[in-house]
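Just so you know, these numbers use all the heavy atoms, side chains as well, and skip hydrogens, waters and symmetry mates. All of these numbers come straight from a predicted model, not from anything done at the bench.
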Amino acid sequence: MSFLDRLRAAERRADSLLCVGLDPDPAKFPAPWTGDAGRIFDFCARIVDATKDLVLAYKPQIAYFAAHRAEDQLERLMAYLARTAPDVPVILDAKRGDIGATAEQYAREAFDRYQADAVTVSPFMGFDTVEPYLRRPGKGVFLLCRTSNPGGADWQAQRLADLPGQPRLYEHLAAMAETRWNRNGQLGLVVGATWPEELARVRALAPTLPLLIPGVGAQGGDAAATVRAAWRGTPEGGSTAPIVVNSSRAVLYASAGPDFAEAARREALATRDTLNAARRG
Ligand SMILES: O=C(O)c1cc(=O)[nH]c(=O)n1[C@@H]1O[C@H](COP(=O)(O)O)[C@@H](O)[C@H]1O
């Protein structure tokens, strides 16, 4: 099954556009786990148990594990997800980007070591650095396109003077990803919820690609505006090309107390319902 089909099936099953980002920060764990990097797996597993029926994807961010020498806990988490939420696609947020030979190793890391269903990749170094990920037809690859951060426009919004129509860099990338680069239908794009106008532009240029959209919750992106800008429905009520709306900190740290998992569920449910109301309203 292709990654796109897995996403579509997960969206239907959970009736959800929400992706919970797994960005475990021990400093924010509830007592008595506060500051204990040995509890990263336990914390994430509790979040997964509390939310797995509400999400169309999970997105573990690799830096939150590597910074604490906790790659072994990421491996355990990926195995746990495969066991307890086998139908929920997992996007490894690694934002890799390097020459082809090194990209092959990054692809092995994401897909063989961690068994991820998809990975985030920076396209800055060009197509030959993306191509190694496209030798895995069942896997998804989300290219950074118009990122959510304040400096995202520094490069991504610049115009390419040598190209017809002088598109902005992120526009050209969206058009390439929709057409020439998308050899096996594996590609998707990352666009921040913090830029609804650019999001709508990307959706217009890349109507068939899944979009990973971080920035609702802690970064203040508007969930309903995100759906209005990027979601396109089928007559049956599904998505033509799924949108994967990520929230990490707002869900993970909805409560700093012993009720953190219940609070995470409440926040995930509320976000899922807001996203669904926007696509049905
Ligand atoms: O690729 C990403 O996931 C990503 C791209 C982007 O443009 N902005 C962005 O915030 N992210 C990631 O999405 C998550 C957002 O986390 P919260 O702001 O806590 O919801 C973090 O893991 C970021 O690394």
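By the 6.0 Å and 45° rule, R136 does not stack over the aromatic ring of F111.
Rounding to the nearest 0.5 Å places CG of D72 at 10.5 Å from CZ of F65. In this structure, CZ on R266 lies 12.5 Å from CG on L54, to the nearest 0.5 angstrom. For the atom pair CD1 (I62) and OH (Y106), the distance works out to 9.0 Å, reported to the nearest 0.5 Å. Rounding to the nearest 0.5 Å places CD of E171 at 9.0 Å from CG of L160. Expressed to the nearest 0.5 Å, how far CZ of R46 lies from CG of L252 amounts to 13.0 Å. Atom OG of residue S248 and atom CG of residue D25 lie 12.0 Å apart, to the nearest 0.5 angstrom.
Using a cutoff of 4.0 Å between basic side-chain nitrogens and carboxylate oxygens, D15 and R280 are scored as salt-bridged. Between D53 and R265 there is a salt bridge, since at least one side-chain N of the basic residue sits less than 4.0 Å from a carboxylate O of the acidic one. Comment: D5 engages R8 in a salt bridge, judged by a side-chain N to carboxylate O separation of less than 4.0 angstrom. Ion pairing between R96 and E109 holds under the 4.0 Å rule for side-chain N and carboxylate O.
Between F127 and W181, the ring-plane angle classifies as tilted under the 30° and 60° cut-offs. In this structure, F43 and F260 have parallel ring planes: the angle between them is below the 30° cut-off, well short of the 60° mark.
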(message) For M78 and V90: C-alpha separation, side-chain torsions, deciding distance, then whether side chain to side chain contact (heavy atoms under 4.5 Å, CB included) applies.
(response) CA-CA 8 Å; M78 296 301 275; V90 182; 3.5 Å; yes
(request) Output, in order, the C-alpha distance, side-chain angles, deciding distance and verdict of side-chain hydrogen bond (donor to acceptor under 3.5 Å, both in side chains) for Q219 and S148. (result) CA-CA 8 Å; Q219 295 178 52; S148 67; 2.7 Å; yes
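Scanning all heavy atoms of the two residues, the minimum distance from A57 to V88 falls at CA-CG1, 3.6 Å. Pairing each heavy atom of D117 with each of P89, the nearest pair is OD2-CA, 3.4 Å.
Within 6.0 Å of the CZ atom in R108, the count of heavy atoms belonging to other residues, nucleotides or ligands does not exceed 12.
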